[in-house]
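Structure, as structure tokens:
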Amino acid sequence: TIQTQQMDIEFSDYIAELSTPADRTTEPGLTTSLTFIVTNKGQESDMFSISISSVLGWEDSTGLLSTTIIGPGVSDTISVPVTVPASAARSEVDTITLLLTSQDDPDPTPYTLSTSARVMAGELYQATITMPSTSTLVTPGDTVNFSASITNTGNSLLTDSTIFFN
């Protein structure tokens, strides 16, 4: 006895590819952009709704609702700004995930594309100097010694430093 099973296979004219940007390091207090590339590999034009999530909330997806209509063989870019907070500790990492959902695929469950990239807080060399509150009269060519307080307000240890005043 030979048992056979009938299967219906349906091929879709909708398929795309999503490229992931390289992970990167950004100085705290600065913004970088993650540029994702979506390429329509299908036979029909397609448009995608955009959903972005971030583990630490550094991304800014304001206004990123959907892609433009992407023709067959055409690519589009999606740029996601990511701002590393000035208070971020060195080596702190946020993972940003992009989810695209086809809006034109007639299937009741449209296909999705998803990828993630990471942004790490880099080194921030920053300090504040508190000068004496009194004034000192200095004659040109003379040397005057005074004390000042320096506070490291960055996220990196600074050693063996020399500070010059002009």
Closest approach of [X] and [Y], non-hydrogen atoms and distance?
{"X": "M131", "Y": "A148", "value": "SD-CB, 4.0 Å"}
{"X": "E59", "Y": "S54", "value": "CG-CB, 3.1 Å"}
{"X": "P85", "Y": "P28", "value": "O-CB, 3.4 Å"}
{"X": "A121", "Y": "V84", "value": "CB-CG1, 3.7 Å"}
{"X": "I50", "Y": "S66", "value": "CD1-C, 3.7 Å"}
{"X": "P21", "Y": "L34", "value": "CG-CB, 4.0 Å"}

So D76 and T67, side chain to side chain donor-acceptor pair (under 3.5 Å) or not? Walk me through it.
CA-CA 8 Å; D76 194 9; T67 64; 4.9 Å; no
Does the side chain to side chain contact (heavy atoms under 4.5 Å, CB included) test come out yes or no for T26 and V82, once each step is laid out?
CA-CA 9 Å; T26 301; V82 179; over 6 Å; no
So does L30 have more than 12 non-hydrogen atoms from other groups sitting under 6.0 Å from CG?
yes
Would you say I15 has more than 12 foreign heavy atoms packed within less than 6.0 Å of its CD1?
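It does not: I15 CD1 has 12 such atoms or fewer within range.
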Let me confirm one number: the [atom1]-[atom2] distance from [X] to [Y], rounded to the nearest 0.5 Å.
{"X": "M47", "Y": "D105", "atom1": "CE", "atom2": "CG", "answer": "14.5 Å"}
{"X": "S114", "Y": "L100", "atom1": "OG", "atom2": "CG", "answer": "8.0 Å"}
{"X": "M120", "Y": "R90", "atom1": "CE", "atom2": "CZ", "answer": "9.0 Å"}
{"X": "E27", "Y": "T32", "atom1": "CD", "atom2": "OG1", "answer": "12.0 Å"}
{"X": "I52", "Y": "S116", "atom1": "CD1", "atom2": "OG", "answer": "11.5 Å"}
{"X": "E92", "Y": "D94", "atom1": "CD", "atom2": "CG", "answer": "8.5 Å"}

Any non-hydrogen side-chain atom of [X] less than 4.5 Å from a side-chain atom of [Y]?
{"X": "T4", "Y": "I2", "value": "yes"}
{"X": "I70", "Y": "F48", "value": "yes"}
{"X": "F36", "Y": "S19", "value": "no"}
{"X": "T128", "Y": "I150", "value": "no"}

Count I, L, V, M, F, W, Y as connected when their side-chain heavy atoms are under 4.5 Å apart, and connections chain through other members. Are Y14 and I69 then in the same cluster?
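Per the 4.5 Å side-chain linkage, Y14 and I69 are not co-clustered.
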Can you hop from V80 to V55 via hydrophobic side chains spaced under 4.5 Å?
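Yes, V80 and V55 fall within the same hydrophobic cluster.
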Verdict with supporting geometry, T112 and L99, side chain to side chain contact (heavy atoms under 4.5 Å, CB included)
CA-CA 7 Å; T112 60; L99 174 68; 3.9 Å; yes
Could you walk me through whether T20 and T115 pass the side chain to side chain donor-acceptor pair (under 3.5 Å) check?
CA-CA 6 Å; T20 305; T115 189; 2.2 Å; yes
Step by step, would you call I37 with L18 a side chain to side chain contact (heavy atoms under 4.5 Å, CB included)?
CA-CA 6 Å; I37 301 171; L18 182 58; over 6 Å; no
Listed once per pair and sorted, the side chain to side chain donor-acceptor pair (under 3.5 Å) pairs that draw on residues 36-51, sequence neighbours left out:
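Those involving residues 36-51 are T39-S75, D46-S102, D46-Y111.
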Within the 3.5 Å criterion, strictly below it, is a donor on T83 or T31 matched to an acceptor on the partner's side chain?
yes
